[in-house]
K.L.:
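Okay, handing you the structure first.
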Amino acid sequence: MDARQYILSPREAYVAEQQWRVVKKSVDARQRELKVHLTVLTDEQGKPISKDAPIPLYEPPVFQDVHQAKRSAVIIGAGPAGLFAALTLLEHGIKPVIYERGKEVSERKKDIALLNRNEGLNPESNYCFGEGGAGTFSDGKLFSRSKKRGNMQRVMELFHYFGAPDTVLYEAHAHIGSDKLPGIIRAMREKIIECGGEIHFETCVTSLKNFKFQISNFKFPIILAIGHSAHDTYRMLAAEGVALETKGFAMGVRAEHPQALINRLMYHSTNVEYVGNASYSLVTQVDGRGVYSFCMCPGGHIVPAGSEAGSCVVNGMSASHRNSPYANSGIVVQINPEDIPGDDPLRGLAFQEELERLAFEHGGPQAQAPGQRLKDFVEGRLSKDLPSCSYLPGIVSSRLDQWLPAHIGKRLQHGFKDFDRKYTGYLTNEAVIVGVESRSSSAVRIPRDPESLESVNTPGLYPCGEGAGYAGGITSSALDGINAALKIAEMSESRNNHTIITQ
Ligand SMILES: Cc1cc2nc3c(=O)[nH]c(=O)nc-3n(C[C@H](O)[C@H](O)[C@H](O)COP(=O)(O)OP(=O)(O)OC[C@H]3O[C@@H](n4cnc5c(N)ncnc54)[C@H](O)[C@@H]3O)c2cc1C
């Protein structure tokens with residue numbers, strides 16, 4: 001089948017999308033007038049094929065019944081990496097046994113509601129921990145289409161299979177939204193259980209030695225998909241001798257503007273009826289380090305994304321309609337291992353924790369986060385008042401320019417000026433920054449063999465996803481989980497290895 005690209009006005013593209021089989025879509029905001037690039041399937045005469053044509057969108061997955069399977073593998077963590085690993089094991093007839101420290105998604109929702117009402121943090125059930133991991137109440141942007149690491153399109157297809165909208169199959173910047181993600185995650189769990197897999201919620205793995213195993217050779221597969229927020233689990237791994245190393249990461253603040261202002265700056269218009277609210281992606285270099293926007297959420301909310309008492313961590317998300325009046329984005333500074341003195345492989349964690357503690361101290365008495373108007377931050381003065389902000393627990397005025405470490409704060413100040421040179425009006429006191437955005441990426445790597453994907457010193461342990469330091473974001477973590485499961489399937493098939501694991 002052929003395909004043809006059209007360059008259309010937003011309204012024309014909207015109409016075409018309702019009628020034709022679209023395979024690619026992106027918004028082009030480089031000119032003053034917005035254009036939408038749409039690629040559609042065409043027939044032999046070059047005519048666009050109808051959206052309803054009986055052509056399968058993709059080959060559906062086939063999950064095997066593993067109730068009686070002889071092969072099984074443990075998965076620690078039910079985030080995107082763990083869940084996609086489990087689904088892949090099922091495709092290969094291997095039984096996944098998942099341990100997840102947090103609660104199942106509907107119970108988790110209640111804890112998140114309490115957190116947003118300032119009624120306390122449950123350290124085991126929050127924006128980071130629980131069914132679906134950090135991906136469940138995330139923004140659900142499915143960005144990475146890099147072909148380098150494997151079949152990214154398959155990740156999109158699996159999301160679609162479990163209930164994501166058709167757009168995830170063709171939009172360059174696909175988005176699911178935090179209102180839709182829980183249902184998709186629940187559908188994945190139901191499939192895993194229906195096929196004979198196991199999921200044990202509220203079960204934190206506190207030692208790898210808890211796993212007694214019977215094996216036909218020295219290997220037993222454990223997929224370690226713990227995300228990057230389980231600092232206690234990293235410390236457990238260090239204590240049990242699993243190789244760990246420090247890696248570069250990024251920290252900063254979340255900046256929030258009125259969405260209408262961002263629409264004007266990016267789209268030169270406040271009329272976004274057919275394209276939705278505008279996002280942005282900004283990057284600059286200050287003093288040898290990158291300063292860049294991260295996880296931009298148009299029409300979104302800033303959320304409390306910490307998992308430890310006495311710390312303040314923020315992140316961002318949006319619902320599928322992306323229709324709040326706010327546009328928020330992490331603005332972070334690259335931190336290299338040499339920026340943190342010492343040689344402890346976990347020193348990046350201690351650095352994150354210190355900044356999160358500082359943010360907590362400078363926030364309000366409950367979970368209010370410290371905030372400062374953007375121009376006040378750049379020009380170094382206290383904000384006498386703060387604009388309205390989407391962060392539900394509330395923000396309090398604080399001199400972030402004074403207490404952020406200079407190598408982060410000064411770079412952010414320069415970075416914001418650079419961004420304003422690119423988009424005049426970005427640096428405005430209508431915007432507010434909220435601290436701190438400290439968990440944008442993992443500060444630790446669990447090194448693994450590039451071929452076997454096993455830990456370099458613990459055979460049978462497959463570190464994957466964001467916490468292993470080999471992925472960042474939902475899609476690349478999911479893909480990393482798939483790759484770990486494929487390795488286990490390959491290994492067990494090649495050795496006809498019947499592995500039985502019991503706890
Ligand atoms: C608010 C927010 C918004 C985000 N928005 C986006 C976005 O729009 N797009 C995007 O690509 N990314 C986004 N992210 C990042 C994304 O969610 C993560 O990159 C992704 O979830 C990482 O997947 P993972 O499976 O590797 O780890 P995680 O999702 O962190 O999952 C790890 C799981 O392991 C569990 N666990 C940890 N330790 C243990 C233990 N010892 N025993 C048992 N279980 C354990 C945790 O409870 C958790 O459920 C967002 C993150 C947040 C917090």
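Only this structure's heavy atoms are used, side chains among them; waters, hydrogens and symmetry mates stay out. Counting starts at 1 for both ligands and their atoms, following the listed order.
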K.L.:
On a heavy-atom basis, which atom in I446 and which in Y234 lie closest, and how many Å separate them?
P.N.:
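That would be CD1-CE2, 4.1 Å.
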K.L.:
Between N315 and ligand 1, find which residue part has any heavy-atom pair under 4.0 Å and reply side chain, backbone, both or neither.
P.N.:
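Near ligand 1, N315 shows its side chain, while the N, CA, C and O stay back.
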K.L.:
Starting from atom 6 (C) of ligand 1, locate the nearest protein heavy atom and write down its residue, its atom name and how far away it is, to 0.1 Å.
P.N.:
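Result for atom 6 (C) of ligand 1: S138 CB, 3.8 Å.
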K.L.:
Just distances here: any N/O of G135 and N/O of ligand 1 closer than 3.5 Å?
P.N.:
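Right, the criterion is met.
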K.L.:
Cut-off 3.5 Å, side chains only: do R322 and N277 have a donor facing an acceptor?
P.N.:
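No donor-acceptor contact under 3.5 Å links the two side chains.
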K.L.:
Can you list the atoms of ligand 1 that are under 4.0 Å from a heavy atom of F129?
P.N.:
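Counting from 1, the qualifying ligand atoms are 46 (C), 47 (O).
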K.L.:
For ligand 1, indicate whether the residue I76 contacts it via side chain, backbone, both or neither (heavy-atom separation under 4.0 Å).
P.N.:
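Near ligand 1, I76 shows its side chain, while the N, CA, C and O stay back.
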K.L.:
How far is atom 49 (O) of ligand 1 from its nearest protein heavy atom, and which residue and atom is that?
P.N.:
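For this ligand atom, the closest protein heavy atom is E100 OE1, 2.7 Å.
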K.L.:
State the atoms of ligand 1, each with its element, that fall below the 4.0 Å cut-off from a heavy-atom position in C128.
P.N.:
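Result: 48 (C), 49 (O).
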K.L.:
Can you sort out the partners of A305 under side chain to side chain contact (heavy atoms under 4.5 Å, CB included), two or more places apart, ordered by chain and number?
P.N.:
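Expected list: Y127, V313, N315.
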K.L.:
Can you tell which of G473, G79, G102 gets a heavy atom nearest to atom 31 (O) of ligand 1?
P.N.:
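Shortest heavy-atom distance from atom 31 (O) of ligand 1: G79.
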K.L.:
With nothing but distance in play, are any N or O atoms of K141 less than 3.5 Å from an N or O of ligand 1?
P.N.:
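Yes.
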K.L.:
To check your reading of the model: name the closest protein heavy atom to atom 19 (O) of ligand 1, its residue, and the distance in Å.
P.N.:
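Answer, as residue, atom name and distance: E466 OE1, 2.4 Å.
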K.L.:
Side-chain contact test, heavy atoms from C-beta onward, threshold under 4.5 Å: evaluate it for H175 versus D139 and give yes or no.
P.N.:
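The answer is yes, as the side chains (C-beta and beyond) meet within the 4.5 Å cut-off.
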K.L.:
For Y280 and Y426, test the side chains for any donor-to-acceptor distance below 3.5 angstrom and give the result as yes or no.
P.N.:
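Present: a donor and an acceptor within the cut-off.
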K.L.:
Return all side-chain donor-acceptor pairs below 3.5 angstrom for residues 130-137, not counting sequence neighbours, or 'none' if the list is empty.
P.N.:
residue	atom	partner	partner atom	Å
E131	OE1	V105	N	2.8
E131	OE1	R189	NE	3.4
E131	OE1	R189	NH2	2.8
E131	OE2	R189	NE	2.6
T136	OG1	R108	NH1	3.3
T136	OG1	E131	O	2.6
T136	OG1	G132	O	3.3

K.L.:
How does A134 reach ligand 1, if at all, at less than 4.0 Å between non-hydrogen atoms: by side chain, backbone, both, or neither?
P.N.:
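Both parts.
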K.L.:
Does the gap between the ring centers of H160 and Y58 come in under 6.0 Å?
P.N.:
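Distance test on ring centres: under 6.0 Å, yes.
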K.L.:
Compare I226, I302, T233, V303 and give the one whose heavy atom is closest to atom 37 (C) of ligand 1.
P.N.:
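Shortest heavy-atom distance from atom 37 (C) of ligand 1: I226.
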K.L.:
Within the 4.0 Å heavy-atom shell around A230, which atoms of ligand 1 are there?
P.N.:
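Close to A230: 37 (C), 38 (N).
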K.L.:
Would you say G316 touches ligand 1, if touching means a heavy atom closer than 4.0 Å?
P.N.:
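For ligand 1, residue contact (heavy atoms, under 4.0 Å) with G316 is present.
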K.L.:
Classify the contact between A225 and ligand 1 as side chain, backbone, both or neither, using a heavy-atom distance cut-off of under 4.0 Å.
P.N.:
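Only the backbone of A225 comes within reach of ligand 1.
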K.L.:
Under 3.5 Å, is there a donor on one side chain and an acceptor on the other for Y274 and E17?
P.N.:
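No - no donor-acceptor pair under 3.5 Å links their side chains.
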K.L.:
In terms of atom number and element, which parts of ligand 1 are under 4.0 angstrom from non-hydrogen atoms of T203?
P.N.:
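Those qualifying, in numeric order: 42 (N), 43 (C).
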K.L.:
Is a side-chain donor-acceptor pair under 3.5 Å present for D28 with S26?
P.N.:
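Per modelled atom types, S26 and D28 side chains form no pair under 3.5 Å.
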K.L.:
Touching ligand 1 at all, C295? Heavy atoms, strictly under 4.0 Å?
P.N.:
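Checking ligand 1 against C295, which is what was asked, there is a heavy-atom contact under 4.0 Å.
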K.L.:
Is it the case that ligand 1 has an N or O less than 3.5 angstrom from some N or O of V205?
P.N.:
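Right, the criterion is met.
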K.L.:
Report the member of G140, G133, P80 with the shortest heavy-atom distance to atom 24 (P) of ligand 1.
P.N.:
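Minimum heavy-atom distance to atom 24 (P) of ligand 1 goes to P80.
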K.L.:
Return yes or no for this condition: an N or O of Y127 is under 3.5 Å from an N or O of ligand 1.
P.N.:
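No, Y127 has no N/O under 3.5 Å of an N/O on ligand 1.
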K.L.:
Give the residue, atom name and distance (to 0.1 Å) of the protein heavy atom nearest atom 34 (O) of ligand 1.
P.N.:
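The answer is G77 CA, 3.2 Å.
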K.L.:
Could you identify the single nearest non-hydrogen protein atom to atom 11 (O) of ligand 1 and state the distance to 0.1 Å?
P.N.:
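Of the protein heavy atoms, I474 N, 2.7 Å lies nearest.
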K.L.:
Are H200 and E198 linked by a side-chain donor-acceptor pair shorter than 3.5 Å?
P.N.:
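On atom types as modelled, these side chains qualify, holding a pair under 3.5 Å.
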K.L.:
Taking atom 43 (C) of ligand 1 as the point of reference, which of M296, R101, H231, R439 owns the nearest heavy atom?
P.N.:
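Nearest option to atom 43 (C) of ligand 1, by heavy atoms: R101.
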K.L.:
Contact between F360 and P370 at the side-chain level, heavy atoms closer than 4.5 Å - yes or no?
P.N.:
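Of all side-chain heavy-atom pairs linking P370 with F360, none is under 4.5 Å.
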K.L.:
Give me the residue, atom name and distance of the protein heavy atom closest to atom 25 (O) of ligand 1.
P.N.:
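Nearest neighbour among protein heavy atoms for atom 25 (O) of ligand 1, to 0.1 Å: A81 N, 2.8 Å.
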K.L.:
Q64 and H92: side-chain donor and acceptor closer than 3.5 Å?
P.N.:
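No donor-acceptor contact under 3.5 Å links the two side chains.
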K.L.:
Considering both backbone and side-chain atoms of C204, is one of its nitrogen or oxygen atoms within less than 3.5 Å of a nitrogen or oxygen in ligand 1?
P.N.:
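No, C204 has no N/O under 3.5 Å of an N/O on ligand 1.
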K.L.:
Heavy-atom distance to atom 5 (N) of ligand 1: which of D139, T206, T136 wins?
P.N.:
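Answer by nearest heavy atom: D139.
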K.L.:
Using a 4.5 Å cut-off on heavy atoms from C-beta on, say whether the side chain of F84 contacts that of F159.
P.N.:
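Yes, side chains in contact.
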K.L.:
I'd like to check which ligand 1 atoms, numbered from 1 as shown, lie under 4.0 Å from a non-hydrogen atom of G227.
P.N.:
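Taking each heavy atom of G227 in turn, ligand 1 has 27 (O), 28 (P), 30 (O), 32 (C) under 4.0 Å.
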K.L.:
Using distance alone, decide if ligand 1 has a nitrogen or oxygen within less than 3.5 Å of any nitrogen or oxygen in G130.
P.N.:
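So ligand 1 has an N or O lying under 3.5 Å from an N or O of G130.
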K.L.:
Distance only, no hydrogens: is a donor on one side chain within 3.5 Å (strictly under) of an acceptor on the other, for S438 and Q352?
P.N.:
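Short answer, no.
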K.L.:
What are the two closest heavy atoms between V66 and G197, and how far apart are they?
P.N.:
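Where V66 meets G197 most closely, the heavy atoms are CG2-N, 3.9 Å.
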K.L.:
Can you list the atoms of ligand 1 that are under 4.0 Å from a heavy atom of G465?
P.N.:
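Within the 4.0 Å cut-off of G465, ligand 1 contributes 26 (O).
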K.L.:
So which atom in S229 and which in S307 form the shortest heavy-atom distance, rounded to 0.1 Å?
P.N.:
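Shortest heavy-atom separation between S229 and S307 comes out as O-OG, 3.8 Å.
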K.L.:
Run the salt-bridge test on K487 and D449 with the 4.0 Å N-O cut-off and return the result as yes or no.
P.N.:
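D449 and K487: not salt-bridged.
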